[in-house]
Number of protein chains: 2
Amino acid sequence: MTDSSPTDSPRAQIKRQQIMAAARQLFLAQGYERTSTETIRQAAGISKQTLYVYFPSKVELLSAVVTEELAGFTLAQLRPAPTTLSELRAQLLGLAQGFTRQMMQPDALALLRLLIGEAVHLPELRGTLRRAFPARLLARVEALLSAAHTAGLINAPNLNLSARMLVGPVISFVALDGLLSDQPLGGGPPAPPGLETLTELVDLFLLTVAKGSRG
Amino acid sequence: MTDSSPTDSPRAQIKRQQIMAAARQLFLAQGYERTSTETIRQAAGISKQTLYVYFPSKVELLSAVVTEELAGFTLAQLRPAPTTLSELRAQLLGLAQGFTRQMMQPDALALLRLLIGEAVHLPELRGTLRRAFPARLLARVEALLSAAHTAGLINAPNLNLSARMLVGPVISFVALDGLLSDQPLGGGPPAPPGLETLTELVDLFLLTVAKGSRG
DNA sequence: TTCAAACTGTACTGTACAGTTTGATTTTTC
DNA sequence: GAAAAATCAAACTGTACAGTACAGTTTGAA
């Protein structure tokens, strides 16, 4: 937003990245309030003045970090609409697997924690919530199911609820095992659900949209 | 824990509650770091000295507040093991409904936000996570399904995953619409899913554990 | 009336922090 | 090699905060 960089030269870009990398690590590890600009400047190896040349305030630095971090999350490639149940199954599995793999990383969980805990109190981050990863997954699955429904593959009168039947269990792994478990911070990442579990989940899910299962 | 109350007289109990009520409101609205002991003391209408007589530190006050708040959440009464599918259905619906009704309250969401955002950084709260509400729901549903399975009502080789198939979608409402939506803070509570939606959800879920649907 | 517990207000300690100012020094660019 | 841009260190401003010290006041029961 407020681009107070000295120039937009490659040089300046690099410095920006250098500052953001340092800030990123600290914000994710300690949270926003517990991280001081002094610590950030030390970690970035620059003077305080330079920091404020590149970012007008601490909160704008956070905003830049979070925005970039969020942009790093990707959902599995959008593929052509499925024409068979087996294609649908494969696409759903791909989405579920890609999501959990990325999300169960310590950094991803820390980012989510940061967003959930701080965004309410920081207007600068408010809009970021809408673009948050789990919400994007729900939209994507809903679109996929809609296509499958149009193609006559499945039976789903309530698309949003059906999407939640798949996305919900996936989120439950992240939320319960990732966000709400009390493992010590250094104690390695929480174990993500295995591929077999996700396959089993997708198959259970397909039962709920199978043709003929309801009116 | 550290009980530094002047006495355990009813009088002291009341004062404790009075302080905790003020702190509760502030912590939930603003978060831990953004709430000062000075503000708490003002809201409680007492002197700073008194506050520190009843609670040895700010973080212990938070801990007391969170612990009490969490104790206020209840799951639907434990009922006798279901003997018919229709009983199972009713019990599942009761759990899902009770959970969402409580959880979609602004205060409940704020507490969850506080737990997720702060507990990692405050050893005093770490253990509280294990007792957090959503995790309790999963355990309860799993136990219920186990009983139903023993009674021969359902088919569920993977009890934990099956429980997640119900709990996950319920959590998805809280997580996506409650925690990760960016509605302005004063803008009323997020709309909880209606009873029809939850009924539909339970029925979809039952398809995944219906006898005969898989080996 | 006395006594003890609870409470008050105020001032204070020590610390931490975001952001600014200054004036000098380095680095880049032409 | 000079002008311009970027960076630096360090001191400083103003504020905020957790927790303590203190000296005096209220309250309620014996």
Side-chain angles (χ1 to χ4, degrees), chain A residues 1-24 26-27 29-66 118 121-125, chain B residues 1-24 26-27 29-66 118 121-125:
Chain A
M1 185 124 307
T2 31
D3 221 339
S4 45
S5 306
T7 70
D8 280 348
S9 65
R11 193 170 185 280
Q13 300 282 348
I14 288 171
K15 199 122 220 167
R16 257 183 100 84
Q17 285 302 319
Q18 167 189 353
I19 298 172
M20 285 171 67
R24 185 195 101 105
L26 289 163
F27 284 146
Q30 314 180 344
Y32 177 71
E33 296 283 355
R34 288 176 180 81
T35 301
S36 72
T37 55
E38 173 61 21
T39 316
I40 295 171
R41 122 184 142 68
Q42 275 178 22
I46 57 165
S47 78
K48 206 167 189 180
Q49 185 58 357
T50 302
L51 190 155
Y52 277 94
V53 167
Y54 285 90
F55 297 93
S57 70
K58 185 185 170 187
V59 72
E60 292 256 11
L61 173 53
L62 172 70
S63 183
V65 165
V66 167
E118 309 274 15
H121 309 291
L122 300 177
E124 285 84 353
L125 286 190
Chain B
M1 185 123 311
T2 31
D3 221 341
S4 46
S5 307
T7 70
D8 280 350
S9 65
R11 193 168 187 282
Q13 300 283 347
I14 288 171
K15 200 123 220 166
R16 257 184 100 82
Q17 286 302 318
Q18 168 188 354
I19 298 172
M20 284 169 68
R24 185 196 100 104
L26 289 163
F27 284 147
Q30 312 181 345
Y32 177 72
E33 295 284 354
R34 289 176 180 81
T35 302
S36 71
T37 56
E38 172 63 20
T39 317
I40 295 171
R41 138 197 123 60
Q42 276 178 23
I46 58 167
S47 78
K48 206 167 188 179
Q49 201 51 255
T50 302
L51 190 153
Y52 276 94
V53 166
Y54 285 91
F55 297 93
S57 69
K58 185 185 171 187
V59 72
E60 292 257 9
L61 173 54
L62 172 70
S63 184
V65 166
V66 167
E118 309 274 15
H121 308 293
L122 299 177
E124 285 84 353
L125 286 189

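The chains referred to below are lettered A, B, ... by the order of the sequence lines, with proteins before strands, and numbering in each begins at 1.
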To the nearest angstrom, how far is [X] atom [atom1] from [N] atom [atom2]?
{"X": "E33(A)", "N": "dA18(D)", "atom1": "CD", "atom2": "C1'", "result": "15 Å"}
{"X": "K58(B)", "N": "dA16(D)", "atom1": "NZ", "atom2": "C1'", "result": "11 Å"}
{"X": "K15(A)", "N": "dC8(D)", "atom1": "NZ", "atom2": "C1'", "result": "10 Å"}
{"X": "Y52(A)", "N": "dA9(D)", "atom1": "OH", "atom2": "P", "result": "16 Å"}

Original post:
Out of dA18(D), dA6(D), dA6(C), which nucleotide sits closest to the side chain of Y54(B)?
Top reply: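 The answer is dA6(C).
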
**OP:** Report yes if the side chains of H121(B) and Y32(B) come closer than 4.5 Å at any heavy-atom pair, otherwise no.
**Re:** no

Original post:
Any side-chain heavy-atom pair from K15(B) and V53(B) closer than 4.5 angstrom?
Top reply: no

**OP:** Please name the pair of heavy atoms, one in I19(B) and one in A44(B), separated by the smallest distance, quoted to 0.1 Å.
**Re:**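 Residues I19(B) and A44(B), closest heavy atoms: CA-CB, 4.2 Å.
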
Subject >> Phosphate OP1/OP2 of dT8(C) contacted by T50(B) side-chain N/O (<4.0 Å) >> reply: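 Indeed, a polar side-chain atom of T50(B) lies that close.
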
Subject >> E33(A): salt bridge (charged side-chain N to carboxylate O under 4.0 Å, His left out) partners, not counting sequence neighbours >> reply: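 E33(A) satisfies salt bridge (charged side-chain N to carboxylate O under 4.0 Å, His left out) with R34(B) only.
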
**OP:** Return each pair, listed once, that meets salt bridge (Lys or Arg N to Asp or Glu O under 4.0 Å) where at least one residue sits in residues 41-53 of chain A; pairs must be two or more places apart or across chains.
**Re:**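 Pairs touching residues 41-53 of chain A that pass the test: E38(A)-R41(A).
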
**OP:** Within residues 37-48 of chain A, find the residues that approach DNA chain D with a heavy atom at under 4.0 Å, and present them sorted by residue number.
**Re:** G45(A), I46(A), S47(A)

Subject >> Test side chain to side chain donor-acceptor pair (under 3.5 Å) applied to T37(B) - qualifying residues, sequence neighbours left out >> reply: none

**OP:** List for me each residue that meets side chain to side chain donor-acceptor pair (under 3.5 Å) alongside Q17(B), sequence neighbours excluded, and say none if there are none.
**Re:** E68(B)

Using the 3.5 Å cut-off, write out each protein N or O paired with an N or O of nucleotides 22-30 of chain D and the distance between them.
from	atom 1	to	atom 2	distance (Å)
dC22(D)	N4	Q49(B)	NE2	3.3

**OP:** Look up atom CG in L62(B) and atom CG in L26(B), then write down how far apart they are to the nearest 0.5 Å.
**Re:** 12.0 Å

